[in-house]
Amino acid sequence: MFDFLLTAEERQLQEEVRRFVKEVVPSSLIRAMDAEEVKYPKEYMESLATRRLLGLRFPKEWGGRGMKWTGEVAALEEIGVLGSGMACLYSLVSIVGEAIHQLGTEEQKEKYLKPTLEGRLRCAEALTEPRGGSDFFGATTLARRDGNFYYLNGQKRFVVGAEGADYFLVYVKTAPEAEPHRSISCLIVEREMGVEVKHVYGLLGSRGGGTGRLYFRDTKVPRENLVGPENGGSLVFNRMMIPERLTTAAGALGMARCCLEVATRYSTRRKAFGETIRKFQAVSFKIADSIAKLDAARSLVYVTARHVDQGLDSRRIVSEAKKIATEMLWEVVNHSMQVMGGIGYTNVYPVERFLRDARLQMIWTGTNEIMDLLVQHEFYQEVMKRGNEARDIEKDAGDVEGEEEKIYE
Ligand SMILES: Cc1cc2nc3c(=O)[nH]c(=O)nc-3n(C[C@H](O)[C@H](O)[C@H](O)COP(=O)(O)OP(=O)(O)OC[C@H]3O[C@@H](n4cnc5c(N)ncnc54)[C@H](O)[C@@H]3O)c2cc1C
């Protein structure tokens, strides 16, 4: 239904990723990740890289395909079928890659971006701190510059890839006395530079990515690993938030779709009171509600992809897409479980795993409350800037004499 939005090349990519998801990734790996027997699925990342499926938007010279966001969204919807852990690791290349590609030096692209897209290096991002993730500019991890090196002290937590990544994109305070938006810098920190991993978390879902806490104790990082300007971390952050949120939104489409399909098929076979349960409107209307919401979210995510591709200021729409798609996912997975009754709650079917995965989507890459914060901020600004350019519908109110009743304080 949505294929018409894609170019021939994007449709081919979608098919390619669908085949990869179906034929290459073994169920045993998904099970092992969920059982936390795997700390980082290195082979999965390598097999994506071998097929040049990582970092699709980046130019061919760095190992990408020079495609647009619409292509990446289509690919991510397919990857989402593998669950949140796999989709996250796939997305990290796009997120970290965006920072290096847009604001990194040629040397950084050669040293980090290229080998990442080739599957020779694994990346992660470290923004969140134990003291809080939402208040990004309140970060307290310090980087003191001395000559050509920074010395890092502090902690980051909830870092996916803490166990398996070769390097981390880390946001640090380089000017603690400056106002928050001009106080942070972004550094590429290699594990070998002295990153300690202390605590690997037991998670409800999205397992197998080795999510842990990082410690920096006088970790020495060369100045050439600075991404973007010193104290200009906000530039990198604002740029990174586009892939950060759009990848979450796109992955959510695939996660919702596959659960809904399992529940739909189930409802055509399961019987109660002598009827297949799809005959009960309480069941089939849940399917209807789910598919309508999935299609609505998908429409928004694709429009957002086009918006970003046009080079427009996409902060508001990307935040909306992240919120709407992840809330849709939560509803659709819950509906799917409800349609399946008790067996949906067991691990005889994979819907329970997706339910655990889905819960996270509303929390990470900026909570949905932070999305609301951003959306309202941008919208208030737009409305107030626009003033009364358009028809003043207040004048169309039934009570034309009611002006004097408009009392505001
Ligand atoms: C499994 C997992 C993987 C993750 N992966 C990564 C990763 O790879 N790298 C990384 O850097 N981070 C990662 N995160 C961190 C994630 O992005 C943060 O947890 C998230 O941004 C929220 O930060 P917090 O947990 O510190 O919550 P807090 O910031 O403490 O927020 C707590 C609550 O307060 C609300 N709140 C806070 N401020 C406001 C406000 N101004 N207005 C309204 N409500 C507000 C929040 O919405 C939330 O409900 C991951 C988290 C998890 C759980």
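Just the heavy atoms: all of them, side chains too, but no hydrogens, waters or symmetry mates, feed the values below. As the structure lists them, so they are numbered: ligands from 1, and atoms in each ligand from 1.
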Exercise for review: Number the atoms of ligand 1 from 1 as they appear, then name those within less than 4.0 Å of a heavy atom of T367, with their elements.
Suggested key: 22 (C), 46 (C), 47 (O)
Point to revise | Pick from I363, L360, L92, L203: the one approaching atom 53 (C) of ligand 1 most closely through a non-hydrogen atom | key: L360
Check your understanding: Which of these, Y201, F136, Y171, F158, has its nearest heavy atom closest to atom 4 (C) of ligand 1?
Key -> F158
Residue, atom name and distance, where the atom is the protein heavy atom closest to [atom]:
atom: atom 27 (O) of ligand 1; result: S134 OG, 4.1 Å
atom: atom 41 (N) of ligand 1; result: L373 CD2, 3.8 Å
atom: atom 8 (O) of ligand 1; result: V160 N, 3.0 Å
atom: atom 30 (O) of ligand 1; result: G132 CA, 4.5 Å

Check your understanding: With a 4.0 Å cut-off on heavy atoms, does A126 reach ligand 1?
Key -> yes
Review point. Is the closest heavy-atom distance from S206 to ligand 1 below 4.0 Å?
Key: no
Point to revise | ligand 1 contact on I370 by region, counting heavy-atom pairs under 4.0 Å | key: side chain
Check your understanding: Is it the side chain, the backbone, both or neither of N368 that has a heavy atom closer than 4.0 Å to ligand 1?
Key -> neither
Revision key, fill the gap. In E129, Q155, R131, the residue satisfying side-chain hydrogen bond (donor to acceptor under 3.5 Å, both in side chains) with T141 is E129
Between the side chains of [Y] and [X], is the shortest nitrogen-to-carboxylate-oxygen separation below 4.0 Å, so that they form an ion pair?
X: E327; Y: K293; answer: no
X: D166; Y: R191; answer: no
X: E403; Y: K406; answer: yes

Review point. Taking all non-hydrogen atoms of both residues, which atom of I188 and which atom of M193 are closest, and how far apart?
Key: O-SD, 4.4 Å
Review point. Going by distance alone, is a donor N or O of one side chain under 3.5 Å from an acceptor N or O of the other, for T247 and Y90?
Key: no
Check your understanding: Is there a side chain to side chain donor-acceptor pair (under 3.5 Å) between E10 and T70 once you walk through the steps?
Key -> CA-CA 8 Å; E10 287 164 349; T70 27; 2.8 Å; yes
